[in-house]
Number of protein chains: 4
Amino acid sequence: MKLKNKKQLILEAAFEVFSNKNYANARVEEIAEKAGVGKGTIYEYFQSKAHLFLEMHKWQMEEYLARMEKGLSREASPSENIYMLIKNHTLFTKKFNNIAGRLVDEVGFNTEFNKEHRQVMLNTYKRLLSRVKEILDTGILMGEFRHMDSQLVADVLFGTMGGISHAMILSGNKQDVEEVSRTITDLLLNGMLNKRSM
Amino acid sequence: MKLKNKKQLILEAAFEVFSNKNYANARVEEIAEKAGVGKGTIYEYFQSKAHLFLEMHKWQMEEYLARMEKGLSREASPSENIYMLIKNHTLFTKKFNNIAGRLVDEVGFNTEFNKEHRQVMLNTYKRLLSRVKEILDTGILMGEFRHMDSQLVADVLFGTMGGISHAMILSGNKQDVEEVSRTITDLLLNGMLNKRSM
Amino acid sequence: MKLKNKKQLILEAAFEVFSNKNYANARVEEIAEKAGVGKGTIYEYFQSKAHLFLEMHKWQMEEYLARMEKGLSREASPSENIYMLIKNHTLFTKKFNNIAGRLVDEVGFNTEFNKEHRQVMLNTYKRLLSRVKEILDTGILMGEFRHMDSQLVADVLFGTMGGISHAMILSGNKQDVEEVSRTITDLLLNGMLNKRSM
Amino acid sequence: MKLKNKKQLILEAAFEVFSNKNYANARVEEIAEKAGVGKGTIYEYFQSKAHLFLEMHKWQMEEYLARMEKGLSREASPSENIYMLIKNHTLFTKKFNNIAGRLVDEVGFNTEFNKEHRQVMLNTYKRLLSRVKEILDTGILMGEFRHMDSQLVADVLFGTMGGISHAMILSGNKQDVEEVSRTITDLLLNGMLNKRSM
DNA sequence: GATGAATGAGAGTTCATTCAT
DNA sequence: AATGAATGAACTCTCATTCAT
């Protein structure tokens, strides 16, 4: 089981380094150092820097997905699930410098990643999105949410979460996760309009 | 009779190249070629690649700001202004591959850009945010929007717009701007909850 | 007479810049700025940077030669002339960062200067040397100096003067010219040996 | 079984190239070629071209110092030691195009070399000088040399040796080392004056 | 004649990748 | 399997020189 350990070690080191630098600025040697292995060893487990990035990315998306699932439950109300979604995302973002969000652009705009790479990544995103859509659809079905284009709203919800990341990075990461999550959930659920004025 | 200022020509070429590649992958020579000038000429107008990027970025932020202002008016209702905001952002994003969003990460995570650079960028963002906050505050004051932490909501609104960009890129940029903007505005204004069920 | 003035202006600026940097580090633009002319103007008067250097060098050698002649006289004793030689050289060196010495190496080892250039320079040096040799020969003829290979001694004397420059630069240029010159002259005239012990 | 340490190989190549060109004209790639290594390899062993130059310089100064010590002995008379000094220096100079002398200027006037670099170099020179001064002081103590400012004379002697280099280079390096050394030693020991005329 | 904007050859340097050990 | 010394392609940037004005 040593082999699996070493590969995992490299993936973790890669994640750490790619989180703090962007793809181009991250040096393979730094990843090797952080993983405690030789530079050449990385090429035993990964074809190239791009492949390492890609595998790390896939792994992180799984991690992220698992994290998002945490706290979600069929018993909880869709609204509560939405809150958990936002909270978990915000926690994840805060912890890892919004790596998830940044990775999208990285893969999307770096010519080193070919079509195939991009497809792999897109598929992972689609899985994420379909999970969000599922929650929305459940809410609609239960009558808790009004009728809406759940696909588009899932996109937006997902996007909003990404946006929170930007906001948090820009504001210097100083905000309280619970409070931010509450406010955002409230906003998304109830909207901005003053109901009494209607 | 120069048709165009050469500095502007370079900025535009830089924008084009940086939009399609990321900072590290963009080659100075390619920018020069696209601008129709010699490699050295770029260094006549900009100290370094990083400075070129920064100036291009500042210019684009102004452009973006101007674009966002378009269609906003004191006479229009705050809700209509929110719609315009979202629509304009979506248009801009669609047109320019979400460069604005990506630039944030670029500057935020690239060690080549020092504190001073980041400050410059942050200031532009703050101007944008304060404009959004102004619209929100007007809405609150007019009683159209309910009472809320307008600062945080501005962050989120701004973030959401950024998020839309991601969504559009992921979905391959095929969506209709008007429709997307309508749906999102509606979502933000009225929320997701089914009012009748309350 | 304006033309001559401008050429001279450039030569003087070149001298100043080449004195403080070496050939490669001296920028043509800096010379132009110091001369108060445009960069292109330099190329009106000189074929290339190398030619500018060369002409500046020739001019400085003349200047140096003239400086060395100053104070020399047929009436003065050869010993006094030797003293003047050393003193003038030391003064010149101190004033101009040993540019004369450095120029030798510059021209001697820089492949940008071809054979012809080197010959021009060598000729100037030979004139200098023959002047020193003349003084020595006069001293020998007058019986003040003992019989010796005046050609070689001229080389050495000239070399010694160059060496003083190095010493002065290394020691930070703090020494008193009069005193140094006296000591050296005394050394060269009387030698190091203790005569009484013989 | 490496025949030679690779770092040493590079240093030797650097020495050869820097001896024939000056710092600015010497290309790193040429050094690499001469060393039989790739361009990148040089940067495995040295931080930069400037650092390579500096280390090469330090190494050469040690080499020079060792060369100078050769043939010197406590048993030999100070005069003989002076002769050895001059002869060894002349040999070294002749062999290596007066690189020692030229390096002084290189380091002294090239802004790429900072204060710290210069200090390192100065210290090596001071060691050289103190060795020369020691010989002089011994001679004075033994009564063979007359009383004199040994510090200044060491400077001059050292300078003279540097000067010989110039002379040899100018004269095309054709002179006989033994003869030149004899003449110079004689000049320094006995002076130029005709004793009988006093 | 005088200029300086424009140029591009050529330099130093980095770093993903290879391969002998 | 694991390594890291060695590599060279590819990059940014400088600056002598040109030439349209």
Side-chain angles (χ1 to χ4, degrees), chain A residues 2-3 6-7 10 23-33 35-53 112, chain B residues 2 6-7 10 24-33 35-52 112, chain C residues 2-3 6-7 10 23-33 35-53 112, chain D residues 2 6-7 10 23-33 35-53 112:
Chain A
K2 256 216 155 169
L3 285 181
K6 196 161 273 188
K7 187 170 186 180
I10 294 170
Y23 180 77
N25 283 101
R27 278 160 48 250
V28 171
E29 190 155 26
E30 194 183 344
I31 294 172
E33 275 164 22
V37 302
K39 213 189 328 180
T41 307
I42 289 188
Y43 288 85
E44 293 285 328
Y45 293 94
F46 305 93
Q47 283 181 53
S48 66
K49 185 187 181 186
H51 277 85
L52 167 58
F53 179 85
E112 285 177 72
Chain B
K2 296 165 216 158
K6 195 155 282 190
K7 185 172 185 177
I10 294 171
N25 281 101
R27 278 163 46 250
V28 171
E29 195 153 24
E30 193 185 345
I31 294 172
E33 276 162 21
V37 303
K39 205 188 344 175
T41 306
I42 290 192
Y43 290 88
E44 291 281 323
Y45 293 94
F46 305 93
Q47 285 181 54
S48 65
K49 185 188 180 185
H51 277 85
L52 168 56
E112 282 177 73
Chain C
K2 257 215 157 170
L3 285 183
K6 195 161 276 190
K7 186 169 185 179
I10 294 171
Y23 180 78
N25 284 101
R27 278 162 46 251
V28 171
E29 190 154 27
E30 193 183 344
I31 294 171
E33 275 164 23
V37 302
K39 213 191 327 183
T41 307
I42 288 187
Y43 288 84
E44 294 284 330
Y45 294 94
F46 305 92
Q47 284 181 53
S48 66
K49 185 187 180 186
H51 277 86
L52 168 57
F53 180 85
E112 286 176 72
Chain D
K2 298 165 214 157
K6 196 155 281 189
K7 186 170 185 179
I10 294 172
Y23 179 77
N25 281 101
R27 278 161 49 247
V28 171
E29 195 155 22
E30 194 185 343
I31 294 172
E33 276 163 22
V37 302
K39 205 182 351 169
T41 305
I42 290 191
Y43 290 88
E44 291 280 323
Y45 294 93
F46 305 93
Q47 284 181 52
S48 65
K49 186 188 180 185
H51 278 85
L52 167 58
F53 178 85
E112 282 177 72

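Lettering follows sequence order; numbering is per chain, from 1.
Residue contacts for D:Tyr45: at a heavy-atom cut-off of 4.0 Å it reaches the sugar-phosphate backbone alone, with no base atom in range.
Here the closest heavy-atom approach between residue C:Ile10 and residue C:Ile31 is recorded as O-CG2, 4.0 Å. The shortest heavy-atom contact between C:Ala24 and D:Ala24 is CB-CB, 2.9 Å.
Here D:Leu52 contributes atom CG and D:Lys7 contributes atom NZ; the two are 9.5 Å apart, rounded to the nearest 0.5 Å. Distance check, rounded to the nearest 0.5 Å: NZ of D:Lys6 to CD1 of D:Ile42 gives 11.5 Å.
Taking the side-chain contact (heavy atoms from CB on, under 4.5 Å) definition, one finds that B:Tyr43 meets it with B:Val28, sequence neighbours left out. Contacts of B:Lys39 classified as salt bridge (charged side-chain N to carboxylate O under 4.0 Å, His left out), with partners at least two apart in sequence or in another chain: none. Partners of D:Tyr45 according to the ring-ring contact (aromatic ring centres under 6.0 Å, His included) rule, which considers only residues two or more places apart in sequence or in another chain, do not exist here. Applying the side-chain contact (heavy atoms from CB on, under 4.5 Å) test to A:Ala50 and every residue at least two apart in sequence or in another chain returns A:Tyr23, A:Ser48, A:Phe113, A:His117.
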Note, DNA chain F 5' to 3' with Watson-Crick or G-U pairs under 3.5 Å encoded as ( ), [ ], | and . gives .||||||||||||||||||||

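Residue D:Ile42 contributes atom CD1, which lies 14 Å from atom C1' of F:dA5 at whole-angstrom precision. Rounded to whole angstrom, the span from the CD atom of B:Glu33 across to the P atom of F:dC11 amounts to 11 Å. Separating the NZ atom of C:Lys7 from the C1' atom of E:dA2 is a distance of 16 Å, rounded to the nearest angstrom. Distance, D:Phe46 CZ to F:dA6 P: 12 Å, rounded to whole Å. At whole-Å resolution of the value, CG in B:Leu52 and P in F:dT12 are 11 Å apart. What separates CD1 of D:Ile31 from C1' of E:dA11 is a distance of 13 Å, to the nearest Å. If you measure from atom NE2 of A:His51 to atom C1' of E:dA16, you get 14 Å, rounded to the nearest angstrom.
Dashed line: the shortest gap from a side-chain N or O of C:Lys6 to OP1 or OP2 of E:dA2 is under 4.0 Å.
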Its contact letters, B for base, S for sugar-phosphate only and - for none at protein heavy atoms under 4.0 Å, make nucleotides 16-21 of chain F read SBB---

